[in-house]
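Chain letters run A, B, ... following the sequence lines, proteins first, then strands; residues in each count from 1.
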Protein chains: 2
Amino acid sequence: MSRIRNIKELADLAGVSTGTVSRALAGSTLISQKTRERIQALAKEHGFRPNLLARNLRIQRTNTIGVLIPLGHETAQHLTDPFFITMLGLLADKLTERGYDLLLSRVIPTDSAWLDRIATSGRVDGLIVIGQSDQAATIDAVAKDYRPLVVWGGYDADQVHCSVGSDNRKGGDLAASHLIAQGCRKIAFFGDPKTREIEQRLQGVRDALARAGMGEPHIEPAHLTDDEFGPEIAGFLGQAADEPIGIVAASDVIALKTLRAMAVMGLSAPNDVRVMGYDGLTIGEHTVPQLSTICQDLVRGAEHLVDMLVRRIAGEDTQSVVMEPELVLRASA
Amino acid sequence: MSRIRNIKELADLAGVSTGTVSRALAGSTLISQKTRERIQALAKEHGFRPNLLARNLRIQRTNTIGVLIPLGHETAQHLTDPFFITMLGLLADKLTERGYDLLLSRVIPTDSAWLDRIATSGRVDGLIVIGQSDQAATIDAVAKDYRPLVVWGGYDADQVHCSVGSDNRKGGDLAASHLIAQGCRKIAFFGDPKTREIEQRLQGVRDALARAGMGEPHIEPAHLTDDEFGPEIAGFLGQAADEPIGIVAASDVIALKTLRAMAVMGLSAPNDVRVMGYDGLTIGEHTVPQLSTICQDLVRGAEHLVDMLVRRIAGEDTQSVVMEPELVLRASA
DNA sequence: TTGAAAGCGATACCAT
DNA sequence: ATGGTATCGCTTTCAA
C-alpha cells in the first residue's frame, strides 16, 4: 500500500474518475453520499491530501498574503527589530483569523522590481508592505495597476497607494512641543529622514521649533547599528552641553539605544537629557527609566491593514487611514 | 499594448515557441544571445514575469520554508509573544540569507492533521516547527516519513523528530539551585508542564530540590492571560509568606508578568521574592529590576535549525542538538 | 450522479 | 538553436 501521490492514483484505486475524487474531497453534494464517504475514507486511510500548488494554480487563488519589509534605507536592520516584529505578529494574528496564510519576505531592494516580482508571482492574493522605507516611488508605481496592496507608513497627499499610519508630522510636533514645554532649549532629532515616516516626524519637530521661535533641530541620522551610535550621541552632547537638551528619537528602538549610549557616558534621562521615543511599543514600559513616547495604535493599525486589504481583494476601493498619535508620558521626558 | 499574462502570449508576440521563451528568460545559453536578449527586452517592456506557482508545480520545488507555531496548550497565546517573535525574526533573517521565503502559520491544532496538511501541500520545501506545544506525538508521526522537518523544543531520547533546543532539565536545575543558594526555602514553578520543554524545566527544578532535601515545588500553571495571573500569584504568596520564597518562571514572559503582578501587590524582587526567568530575551535587560534568567542561545539555535533543515532537504540526515543553558544573573534573583 | 477532457502556466525531453 | 508536446496535480465545464 504505497503512498498515494495524486488524485489520479486515488481515483484509480477507487475505480472512479479524477473529477469525482476532486468533488468528493471538496465535499460536493453533487456526489452521492455513499461515494463521497467512501472516497474520503480512502483518502484518510492513505493519508492523501490534494496538492495545494496545483489547486491554487487552477483556481487562481492562494489564500495567502505576502508581507514585505523593505529595508532600502538600512540594510543592516534586521527583522528582529521590535517594531517590525510587533506589527508582524499582529498581522499574523489578524490574517490567520481570516483564514489567510502569510508569506514573509524581508527584501533589500537592489532594483525597482522587488515589489512587482512578488505581486506578479501568482503566489499571493494580496500584499502588505510594512514601511515605505525609501521606496515610495516604487510602491506607487506598482499600486497603480496592482490593487490588492496596502502599506503601513506615512501618508502623502500625492501618493497613489493606500496606506495606514499615524499622523507623523503631528506626532513629531507633539514630542518636540513637550520637550520645549519642559524647558529644553536645544532639540535634536535622531533618525534617518530618508524614509517617509521619519521625514514627516522631523517636519513636525520643525513645526514645534518654529512656533517656539527656535532654530533648526540638530539631526543625527542614527544608524541602527550599535557601534556607530555612541560616538554620534557623544558628539552631539559634547557640543551642546551648556543648554537643557531634548532628544526626539524617530522610534522607540532608537530611543532605547540612545538611553543605553547615555548610560555608558554616565548620563541619564530625564535629568541630564530628556528623551522622547516614537511608536509606543510595550518594551518601552520596561526600560529604566520608562520611555516617554508618541504612541501609535498598532493593534488598530493592523486591523485596518487587514480589513482594507481583504476589501481590496474583493474588488472594493479603500481610502488611506491616518490615525491620531498620542503623547504618552512615562519617565524619560 | 495589453498586459502579457503568460509565456505563451510572449512567445506569440516574439514569434517563437514557449520553450524558447522559457529558456531565454532563464538565461539559458542554449538560446542564441540575440534571441535571448530580444525576449528579455520584450519581457521587461511588458513587465512580464513568469508565474511562480506554475513553475513550482512543474519543478516540484518552491524555495519556501513553512514556519509553524502550534498553540495547542495555550490558545490565547498570540504571535506577539516575545519569544516566538524573536525566534521568528532570527529564522527569517537566516532563511532569507539562503534564498528561502517563509510561509508563516500560527496553528491551533484541532485535529492531528495540522502538520501533515502543510507538509503534503506541496507549498513548502521543508518545515520548521517552533515549540512542540502538546503535539509531540503528532510531530513524531509526521517526522516518520517526512524528512525535511526540524523542531525547536525539548529533546527526548525516544523522539523520532530532529530537534534543536537547550538542555531544559539542566536549565531548570540551574535556576532552582541558584534560588536555593540564595536562601530560598520555598520554591514555586510558574508554567504549564503540558508542553515538553516546560515539563523538562520543571523536572530540573525537582532535581535541585531533591538534592537540597527539599520537597515538591509549588506549581502554578501560569496561564498567560493577564487577568488570571494576579490571583494565582497572590494565592501562592499568601499561603507561604513566612519563608523566603523563590519563583522559577518557565519563561521570561511569565517572569515579567510575575514581576508586574508583584508590583501591584506592593512586592518587589529580589527583596520580597526572588524571581528567575527562562529564555534570556533582551527584553529582560530592560525591566525593573533587570531579570535574572536562564539564557538559551537563540541565535545559534536558529542557525542550527536552518542549517540542519537545508541539509535535510538535500537528503542528508541530521542529529538533534541540545545546547547548554547559561545562568545569567542580573537583578531579580 | 459520474466521466471525459480542457486548462491553469510553466519546464524539459525529444526531435530537427 | 529552436519547436512540439507531454507533464506537474488539480478544478470545472460539458455530456451522458
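Taking the charged nitrogens against the carboxylate oxygens, B:Lys194 and B:Glu199 have no contact shorter than 4.0 Å, which rules out a salt bridge. A salt bridge is absent between A:Asp317 and A:Arg311: the closest approach of a Lys/Arg side-chain nitrogen to an acidic carboxylate oxygen does not fall below 4.0 angstrom.
B:Ser32 has no side-chain polar atom (N or O) that falls below the 4.0 Å cut-off from OP1 or OP2 of D:dA1.
Side chains of B:Thr195 and B:Asp134: a donor-acceptor N/O pair is absent below 3.5 angstrom, by distance only. Residues B:Asp101 and B:Thr64 have side chains that never bring a donor and an acceptor to within less than 3.5 angstrom of each other. Of the N and O atoms on the side chains of B:Gln132 and B:His161, at least one donor lies less than 3.5 Å from an acceptor on the other residue.
Atom CG in B:Leu30 sits roughly 13 Å away from atom C1' in D:dG3 (whole-Å rounding). Taking atom CZ on B:Arg61 and atom P on D:dT7, their separation rounds to 24 Å, with Å as the unit. When the P atom of C:dT1 is taken as reference, atom CD of A:Gln33 falls 10 Å away, rounded to whole Å. The CZ-C1' distance, from B:Arg123 to D:dC8, rounds to 17 Å in whole Å. The CZ atom of A:Arg36 sits 11 Å away from the C1' atom of C:dT1 (whole-angstrom rounding). Distance CD1 (B:Ile39) to P (D:dA1): 14 Å, rounded to an integer number of Å. A:Leu25 has its CG atom 15 Å from the P atom of D:dG9, to the nearest Å. Atom pair A:Asn56:CG and C:dG7:C1' shows a separation of 16 Å (rounding to whole Å applied).
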Under 3.5 Å, N/O pairs linking protein and nucleotides 8-12 of chain C:
unit_1, atom_1, unit_2, atom_2, d
C:dC8, O3', A:Gln60, NE2, 3.4
C:dG9, OP1, A:Gln60, NE2, 3.1
C:dG9, N2, B:Ala54, O, 3.4
C:dA10, OP1, B:Asn51, N, 2.4
C:dA10, OP2, B:Ile7, N, 2.4
C:dT11, OP1, B:Arg55, NE, 3.1
C:dT11, OP2, B:Ser22, OG, 2.3
C:dT11, O2, B:Arg58, NH1, 2.4

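Summarising the geometry of A:Gly99 relative to A:Asn63, their closest heavy-atom pair is O-OD1, 3.4 Å, with the distance given to 0.1 Å.
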